[in-house]
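Following: one structure in structure tokens, then a few remarks.
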Amino acid sequence: MKLITHNMLTSHVKGVTKGYPLLIKATEVQVSEVEFNPEFLSRMIPKLEWGVLVQAADSLGHLNDLPNELAPEHEKDEEFLRRVHRVLLEV
Amino acid sequence: MKKMKLKELESCLQQVDVFEEPKLLLEQYPTRPHIAACMLYTIHNSFDDIENKLVADLGCGCGVLSVGAAMLEAGFCVGFDIDEDALEICKRNMDEFELKNIDVVQCDVCSLESDSVSKRFDTVIMNPPFGTKHNKGMDMQFLKTAFHMARTAVYSLHKTSTREHILKKAKDWNVKMEIIAELRYDLPASYKFHKKKSVDIEVDFIRFSMK
């Protein structure tokens, strides 16, 4: 499962205002190249549960220097988008 | 990438593998490549709900709709199905076409409803079980889940005979419904109780837009 899928499935159980994400038990971690799509990424990033992504990536040893907080104007930083791309779609 | 033509899409989708042993209980039958291609082509060209969008495919089965959506450059597409065997074939299809913008999740679509996925997707596409035989009401359960997940639009196939019922439900759920096409769905005999070689059933291709 890619981390973007994991992020979409972040658990919001009824009655709990902030559900905690599904724990990841990885049996195998793979990284595979995916075409970089900055337009899609900049649209996606604001819709992600950012904290969950950082936590998940970290737990798999693929944090890739993602910051804990999203910087303003991150969508103009291609280097940053490429790092998000790696974590979100390639791990 | 240059724009893909309808014919090209259809001929690609003809190479998508389908169920080896369809399961009656899950009402499994493949979405014909021609119908899948027409659906996706319309969604893409008339409504621009695929390219760069986050797309979910509910009850994806062997993934013909997901594969097609990925080919039309969906930002990312997630297929959901309860059946592991179908998902295995789906993954094989993804690999064969070397598509990287797809993922699959094994789960019961009906259990997603109260769960985590509220409004996380732009578009939901599906060819749900029609809700016959042992599955009464399954079509509506799928719809309800889809409305829950989609931010923009849901595309689905439903028996024309259920149109009035769906119209009423859509109104109850405050969703705008537009019938894009009426199709004759040729259902090839895939189960023992099917006496004829194939039957045509009348099916509506519907777009629901979230208000």
Side-chain angles (χ1 to χ4, degrees), chain A residues 1-53 55-57 60 62 75 78 81-82 84-91, chain B residues 1 44 48-58 60 63 66 69-81 84 87-88 90-91 94-95 97-109 111-124 145-146 148-152:
Chain A
M1 182 184 287
K2 291 177 196 269
L3 290 181
I4 185 173
T5 312
H6 172 260
N7 206 276
M8 291 305 120
L9 298 175
T10 305
S11 202
H12 289 286
V13 181
K14 256 186 200 162
V16 182
T17 42
K18 186 83 186 168
Y20 36 84
L22 305 167
L23 279 178
I24 299 181
K25 276 194 192 158
T27 45
E28 189 190 356
V29 180
Q30 281 181 356
V31 176
S32 59
E33 293 269 315
V34 180
E35 204 179 325
F36 179 61
N37 179 347
E39 198 186 325
F40 173 64
L41 275 175
S42 358
R43 272 191 61 242
M44 273 310 296
I45 291 174
K47 294 175 190 154
L48 291 170
E49 294 283 334
W50 185 257
V52 171
L53 180 68
Q55 211 181 348
L60 298 175
H62 281 277
E75 71 276 4
E78 184 176 323
L81 289 182
R82 284 196 183 271
V84 177
H85 169 74
R86 161 58 65 100
V87 172
L88 203 57
L89 297 163
E90 298 191 326
V91 173
Chain B
M1 203 178 99
H44 179 52
D48 192 22
D49 277 330
I50 292 183
E51 195 177 349
N52 281 331
K53 300 289 192 288
L54 187 60
V55 179
D57 177 4
L58 301 186
C60 65
S66 293
M71 280 175 184
L72 295 173
E73 319 253 301
F76 198 74
C77 181
V78 185
F80 295 87
D81 207 290
E84 266 179 78
L87 289 179
E88 270 312 307
C90 185
K91 280 191 205 155
M94 286 155 52
D95 289 344
F97 287 97
E98 295 181 350
L99 295 165
K100 299 293 172 62
N101 51 343
I102 310 189
D103 214 345
V104 291
V105 176
Q106 196 242 329
C107 73
D108 180 354
V109 167
S111 73
L112 280 170
E113 196 225 325
S114 63
D115 204 352
S116 52
V117 286
S118 178
K119 303 290 167 207
R120 301 295 308 267
F121 291 85
D122 296 306
T123 309
V124 175
T145 307
H148 185 68
M149 292 169 77
R151 265 190 299 262
T152 314

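Chain A is the first sequence line, chain B the second, and so forth, proteins listed ahead of strands; every chain is numbered from 1.
- To the nearest 0.5 angstrom, A/Met1 atom CE is 10.0 Å from B/Gln106 atom CD.
- Here the closest non-hydrogen pair linking A/Lys2 and B/Ile102 is CE-O, 3.8 Å.
- Contacts between B/Leu99 and chain A at a heavy-atom distance below 4.5 Å are absent for every atom of the residue.
- Put simply, the side chain of A/Arg43 reaches to within 4.5 Å of the side chain of B/Lys53, judged on heavy atoms.
- A distance-only check finds a donor-acceptor pair linking the side chain of B/Arg120 to the backbone of A/Asn7 [under 3.5 Å].
- Judged by distance alone, the side chain of B/Asp103 and the main-chain N or O of A/Thr5 form no donor-acceptor pair under 3.5 Å.
- Looking at A/Glu90, there are no atoms closer than 4.5 Å to chain B (heavy atoms on both sides), in backbone or side chain.
- Partner of B/Phe76 under the side-chain contact (heavy atoms from CB on, under 4.5 Å) criterion, out of A/Leu89, A/Asn37, A/Leu88, A/Val34: A/Leu89 alone.
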Verdict with supporting geometry, A/Ile4 and B/Leu54, side chain to side chain contact (heavy atoms under 4.5 Å, CB included): CA-CA 10 Å; A/Ile4 185 173; B/Leu54 187 60; 4.2 Å; yes
